[in-house]
Amino acid sequence: MEISSQYIASEIESKWYEYWMERGYFHSEPDNRNPFSVVIPPPNVTGVLHMGHMLNNTIQDILIRRARQKGFNACWVPGTDHASIATEAKVVKMLREDGIKKSDLSREEFLKHAWNWKEKYGGIILEQLKKLGASCDWERTAFTMDATRSAGVIQAFVDLYNKDVLYRGKRMVNWDPNAQTVLSNEEVIYKEEQGNLYHIQYKLEGGSDFLTIATTRPETLLGDSAVAVHPDDPRYSEFHGKYVIVPIVNRKVPIIVDDYVDIEFGTGALKVTPAHDVNDYDLGKKHNLEVIEIFNDDGSISEAGQFFIGEDRFKARKLVKAQLEEEGLLIKVEPYRHNVGRSERTNAVVEPKLSLQWYVSMKKLVDPALEAVESDEVEFFPKKMKNTYRHWMVNIRDWCISRQLWWGQRVPAYYYKEDVFVATSPEEAFQQAKIKYPDLDINELKQDEDVLDTWFSSWLWPISVFDGFNNSKDFQYYYPTSVLVTGWDIIFLWVARMIIAGYEWKGKFPFKHVYFTGMVRDQKRRKMSKSLGNSPDALGLIKQFGADGVRFGMLSCSPAGGDLLFDEKLCEQGRNFTNKIWNALRLVQGWEVDPNKTQPIENELAIDWFTSLSNRMISGLDDKFKEYRLSEALIDLYTYVWTDFCSWYLEMVKPPYGEAIDVYTKEKTVELFQCICTLLHPYMPFITEEAWSHLKTETTSEDCMLSQYPVLDVIDPQIINEMETIKEVISGLRDLRNKHQIKPKEKLNLFGIIDNVTTDLYDDPKKKELLLKMSHLESFEIVDQELENAVSFIAGKSKFFIQLTQEIDVEEAIREKEKELKYQQGFIAGVQKKLANERFVNNAPEAVVANEKKKLSDGLSRIKNLEQSIEELKSRR
RNA sequence: GAGUCAUUAGCUCAGUUGGUUUAGAGCGCUGCCUUGACAGGGCAGAGGUCACUGGUUCGAGUCCAGUAUGACUCACCA
């Protein structure tokens, strides 16, 4: 088959992806093999592929493809989550552009629009994953709001309610005024922002005195119901029990005393707004203060605020400020940096708000999940994530799961008067209600208006994607899954909760391993995000460097759990790697086989050597994968393919230009190349599949993707070591050619000073022939001392030299040898010190001592060789 | 405020129970090389007292303590 000189990734990649899909290679059904299952961390249905996804999904694909080759029944379930806030915001925006307001629609009408949107635009990201080469079982694609998943969610809710693990309560929550919904703590991001500290005078009732408070939010004074001071603050001791007048609204409020107040901060006097601050709320409860809610759900001032009604909270701040200035009550405004919480989804400043919500009593659920990780029943990679997990689990808070949205599973709670009935359907709730209210009409039962947090769907994912709530055949076969691959940033939001759910409903962990990936950061160490706009276009990268190139780039720099600083250069390196493989393929396939040619003896050595190396590689990969050292494993493969195979092995067996190759060498080389393809396939599926299609024979698998992972065979360390010495001689000679401007292919006569190594090189015809070929030598001889006008180098412990016809810079050569001598002397000094220490010789393991002795004797040989060279050079002065 | 982790070549990082010729890789850098699989390339080279100070040990980049610097997580912040 003619092989094109150019490797065009985009064409070849789409060809193979289609081919795999057509043959159904990604699909899995339960059978008698062992399962290896993975569930995708469901990306947001509104999402587009970004760097984090690429890293995360490449890793999953690597694990899945490798498991498949190793004979497991590999199943990778893809899907998306419904992302209630993000999606609802998108749909609302789209409707607004069409002139439709959400408030004009009924719930059912809105949901119809939302589903239409989802069908049309949702899940683009799954299509993008195909470009990456993801071998997901697409027939199993799940969505957190589809029928099966929703049924599970409702069932879970009802079950928890019946177990008394759910409750409804009025609490101070994080309110997102843009999305007009509550947020859980995990969805609020606190960051330091520049604000102001306003010093405001509150007039004392019935007097001319003032009390000055400091606040970052002057607009909330509309809702003040007290001013608090510390009991031991001498500045305010005479004010205890008195009243002040809140400016603008002229409300008379008490001065309360509480040691919560920090004397050092601000003025030491604190305004108290129980309805709009968590701490103030607690103070209010303690001191029985009035709770005045001055904000509407959208963050504007409510009727209760009395002034600036309908104005947005930030506009109101300015208006209050102006008003205070006018009244002369604003003492000063100082710049102040403080933490501000923003909504993860909408970036709106979060407003603390009192509200009635549904909560999960997490403390009742955590124990088995905590124990599982502590005992490594669920194993974390890297291990250090256990600390983070433990800390959160031990200090766990209740989980607020209701959201004031329409897009999501509606809370299955039905109200009548003061009663609530929780059931999987209105009919069931009605049956319950009828017991207490026999005359009730079903229409009088009102379902909760809120929906459930998206994470309340996601935490069931490993169970629900296999229809686990119906205990399906798939579930029994695939659960628990083998490994979860996700970013450490959602360890609480998702990972911990999934483990909790796994034990709660199935009495078993949802996954055996959790591999936490690092965050993809840019060159300035910033997390890549849409809002910063510092994320490269993922598909653009694939177009530019090929999916294989990008996969290489992502993986080659992502140590287990460590963050990775993304650089396009890494993808470029990956693309270059595919090119290298392609050209190696062209070389090997270009060799014409001559059936009459006998195999050169040096090829036998090369083949034996590389076979051992391959086995060492297979063994090393197993070790690395056990520890999820995927990046290291890839670097090892890269060196193995590029340096060992292309730069050394192929050069060793390559026939001289224009000559044919013998049958045996060609066959073995193809075999070794096939092994490379199989080993590399999980990382770079496309180039390996393409290469395989050219290399395959009657006896090998039809496709690389389904090729059997090679079984570990013998590793011969001796041949590997001896080859290292030969390579060192070859490199040493190349260096000499470089230094003395001798052309790479000019024939030379090489001499070795007699010792056991050089003698072996001379006596073993395979080694000698290999040396002659690789070094372009005329001859290789053994002598007992340097000859006239020699230039020498040391390889291993032995000395080699060639004779020059031209003059050399004697002084420069002496300097160089002396530098090397000094290094060697330092080296043996250390070794000698060790060996002189009796306790070392007596206590250290025998092998270690023996090795030190070898180091010493080799070092001494090198020194002797160097000293002789220096002497010889000096005599030439 | 509590905790976790880090500090190794110009840059980004490996270095897995302490011992493998006084530390490895990629990128970058320097020199040489182009009719031959590959310039998306080949060959070779330079570059590190492993943050600092002590300690444990026959032996420390690796273990312990302290110091410095940095990063992150959780909580709070009028």
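Each chain gets a letter, A, B and so on, in the order its sequence line appears, and its residues count up from 1. Note: hydrogens, waters and symmetry copies are ignored here, and every other heavy atom, side chains too, is used.
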Chemist: A:Leu585 or A:Leu565: which one's nearest nucleotide on RNA chain B is closer to the 5' end?
Modeler: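 Checking each residue's closest nucleotide, the 5'-ward one belongs to A:Leu565.
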Chemist: Considering only the P atoms, how many Å lie between B:rC29 and B:rG40, rounded to the nearest integer?
Modeler: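 One P to the other, the span is 15 Å.
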Chemist: Distances under 3.5 Å only, N/O to N/O: pair up the protein atoms with those of nucleotides 24-33 of chain B.
Modeler:
unit_1, atom_1, unit_2, atom_2, d
B:rG26, O3', A:Gln573, NE2, 3.4
B:rG26, O2', A:Gln573, OE1, 2.7
B:rG26, O2', A:Gln573, NE2, 3.3
B:rG31, N2, A:Asn738, ND2, 3.3

Chemist: Using a cut-off of strictly less than 4.0 Å, decide whether A:Arg839 has a side-chain nitrogen or oxygen near OP1 or OP2 of B:rC58.
Modeler: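 Yes, within the criterion.
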Chemist: Which residues pass the salt bridge (charged side-chain N to carboxylate O under 4.0 Å, His left out) test with A:Glu632, sequence neighbours left out?
Modeler: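 Per chain and number, A:Glu632 pairs via salt bridge (charged side-chain N to carboxylate O under 4.0 Å, His left out) with A:Lys624, A:Arg629.
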Chemist: Tell me whether the count of non-hydrogen atoms from other residues, nucleotides or ligands lying under 6.0 Å of CD in A:Glu192 goes above 12.
Modeler: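 Result for CD/A:Glu192: enclosed.
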Chemist: If I pick the P atom on B:rA60 and the same atom on B:rC43, what distance separates them, to the nearest angstrom?
Modeler: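 Going atom to atom, P in each nucleotide, I get 38 Å.
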Chemist: Taking Watson-Crick and G-U wobble pairs with both distances under 3.5 Å, convert RNA chain B into its dot-bracket string, 5' to 3', dots for unpaired and | for cross-strand pairs.
Modeler: (((((((..((((.....[....)))).(((((.......))))).....(((((..]....))))))))))))....
Chemist: For A:Arg397, what residues pass the salt bridge (charged side-chain N to carboxylate O under 4.0 Å, His left out) criterion, not counting sequence neighbours?
Modeler: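 For A:Arg397, no residue satisfies salt bridge (charged side-chain N to carboxylate O under 4.0 Å, His left out) once neighbours in sequence are set aside.
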Chemist: Using a heavy-atom cut-off of under 4.0 Å over every strand shown, decide if A:Ser731 touches base, sugar-phosphate, or nothing.
Modeler: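 Sugar-phosphate contact only - A:Ser731 comes under 4.0 Å of backbone atoms but never of a base.
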Chemist: Answer yes if the ring centres of A:Phe380 and A:Tyr389 are under 6.0 angstrom apart, and no otherwise.
Modeler: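 Ring-ring flag for A:Phe380/A:Tyr389: true, centres closer than 6.0 Å.
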Chemist: With rounding to the closest Å, how many angstrom separate the P atoms on B:rC74 and B:rU8?
Modeler: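 These two P atoms come out 26 Å apart once rounded.
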Chemist: Got a sec, which pairs hit side chain to side chain donor-acceptor pair (under 3.5 Å) with one end in residues 262-274 of chain A, sequence neighbours left out?
Modeler: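 Side chain to side chain donor-acceptor pair (under 3.5 Å) check on residues 262-274 of chain A returns A:Thr220-A:Lys271, A:Asp224-A:Lys271, A:Asp224-A:Thr273, A:Lys271-A:Thr273.
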Chemist: Rounding to the closest angstrom, what is the interatomic distance between B:rG48 and B:rG24 at atom P?
Modeler: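 About 14 Å, rounded to a whole number of Å.
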Chemist: Is A:Arg575 close enough to B:rG40 that one of its side-chain N or O atoms is under 4.0 Å from OP1 or OP2 there?
Modeler: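 Looking at the OP1 and OP2 atoms of B:rG40, neither is under 4.0 Å from any side-chain N or O of A:Arg575.
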Chemist: With a 4.0 Å cut-off on heavy atoms, is A:Val261 in touch with a base, just the backbone sugar-phosphate, or nothing at all?
Modeler: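 Base: the residue A:Val261, judged by heavy atoms under 4.0 Å, touches a nucleobase.
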Chemist: For the side chain of A:Lys384, counting heavy atoms from C-beta on, which of B:rC5, B:rC58, B:rA37 is nearest?
Modeler: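 Among the listed nucleotides, the one closest to the side chain of A:Lys384 is B:rC5.
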Chemist: Identify each atom pair where a protein N or O and an N or O of nucleotides 16-23 of chain B are less than 3.5 Å apart, giving names and distance.
Modeler:
unit_1, atom_1, unit_2, atom_2, d
B:rU16, O4', A:Arg629, NH2, 3.2
B:rU16, O2, A:Arg629, NE, 3.2
B:rU21, O2, A:Arg862, NH1, 3.2
B:rU21, O2, A:Arg862, NH2, 2.5
B:rU21, N3, A:Asp858, OD2, 3.2
B:rU21, O4, A:Lys854, NZ, 3.1
B:rU21, O4, A:Asp858, OD2, 2.2
B:rU22, OP2, A:Tyr823, OH, 2.8
B:rU22, O4, A:Tyr823, O, 2.5
B:rU22, O4, A:Phe827, N, 3.0

Chemist: Would you please confirm or rule out a distance under 4.0 Å between OP1 or OP2 of B:rG41 and any side-chain N or O of A:Asn576?
Modeler: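 For B:rG41, OP1 or OP2 has a side-chain N or O of A:Asn576 closer than 4.0 Å.
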Chemist: In whole Å, I'd like the distance from the CZ atom of A:Arg737 to the P atom of B:rG45.
Modeler: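 Between P of B:rG45 and CZ of A:Arg737: 15 Å.
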Chemist: For RNA chain B, which residues of residues 193-201 of chain A approach it to below 4.0 angstrom with any heavy atom?
Modeler: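 Output list: A:Leu197.
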Chemist: Could you check whether A:Trp591 gets within reach of a base, just the sugar-phosphate, or nothing at all, counting any heavy atom under 4.0 Å?
Modeler: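 Contact class for A:Trp591: none.
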Chemist: If the P atom of B:rC33 is compared with that of B:rA51, how far apart are they to the nearest Å?
Modeler: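 Result for the P pair: 41 Å, nearest Å.
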Chemist: Taking donor-acceptor contacts at under 3.5 Å, does the side chain of A:Lys580 reach the base of B:rC38?
Modeler: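 Flag set: donor-acceptor pair detected.
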Chemist: Provide, to the nearest angstrom, the distance between the CD atom belonging to A:Gln6 and the P atom belonging to B:rG40.
Modeler: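 Going from A:Gln6 (CD) to B:rG40 (P), I get 10 Å.
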Chemist: Looking at side-chain heavy atoms only, is the closest gap between A:Thr215 and A:Leu270 below 4.5 Å?
Modeler: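 Side-chain contact under 4.5 Å: no.
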Chemist: Under 3.5 Å, is there a donor-acceptor pair linking the side chains of A:Asn865 and A:Arg862?
Modeler: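 Checked: A:Asn865/A:Arg862 side chains show no N/O donor-acceptor pair below 3.5 Å.
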Chemist: My understanding is that only residues two or more places apart in sequence, or in another chain, count here; which of them pass salt bridge (charged side-chain N to carboxylate O under 4.0 Å, His left out) with A:Glu379?
Modeler: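 Per chain and number, A:Glu379 pairs via salt bridge (charged side-chain N to carboxylate O under 4.0 Å, His left out) with A:Lys383.
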Chemist: Where along residues 218-228 of chain A does a heavy atom fall under 4.0 Å from RNA chain B?
Modeler: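 The answer is none.
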Chemist: Output every pair passing side chain to side chain donor-acceptor pair (under 3.5 Å) with a member in residues 565-576 of chain A, not counting sequence neighbours, ordered by first then second residue.
Modeler: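 Side chain to side chain donor-acceptor pair (under 3.5 Å) check on residues 565-576 of chain A returns A:Gln573-A:Tyr638.
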Chemist: What does A:Asn579 touch in the nucleic acid at a heavy-atom separation under 4.0 angstrom: a base, only the sugar-phosphate, or nothing?
Modeler: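 Result for A:Asn579 = base.
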Chemist: Are any protein N/O atoms closer than 3.5 Å to N/O atoms in nucleotides 69-76 of chain B? If there are, list each pair with its distance.
Modeler:
unit_1, atom_1, unit_2, atom_2, d
B:rA75, O3', A:Arg397, NH2, 3.4
B:rC76, O3', A:Asn279, ND2, 3.4
B:rC76, N4, A:Asn339, ND2, 2.9

Chemist: When you check the side-chain N and O atoms of A:Arg390 and A:Asn387, is any donor under 3.5 Å from an acceptor?
Modeler: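 Judged by distance alone, the side chains do pair up.
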Chemist: Could I get the full list of ring pair (Phe, Tyr, Trp, His ring centres under 6.0 Å) partners for A:His513, not counting sequence neighbours?
Modeler: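 Residues passing ring pair (Phe, Tyr, Trp, His ring centres under 6.0 Å) with A:His513: A:Phe381, A:Tyr628.
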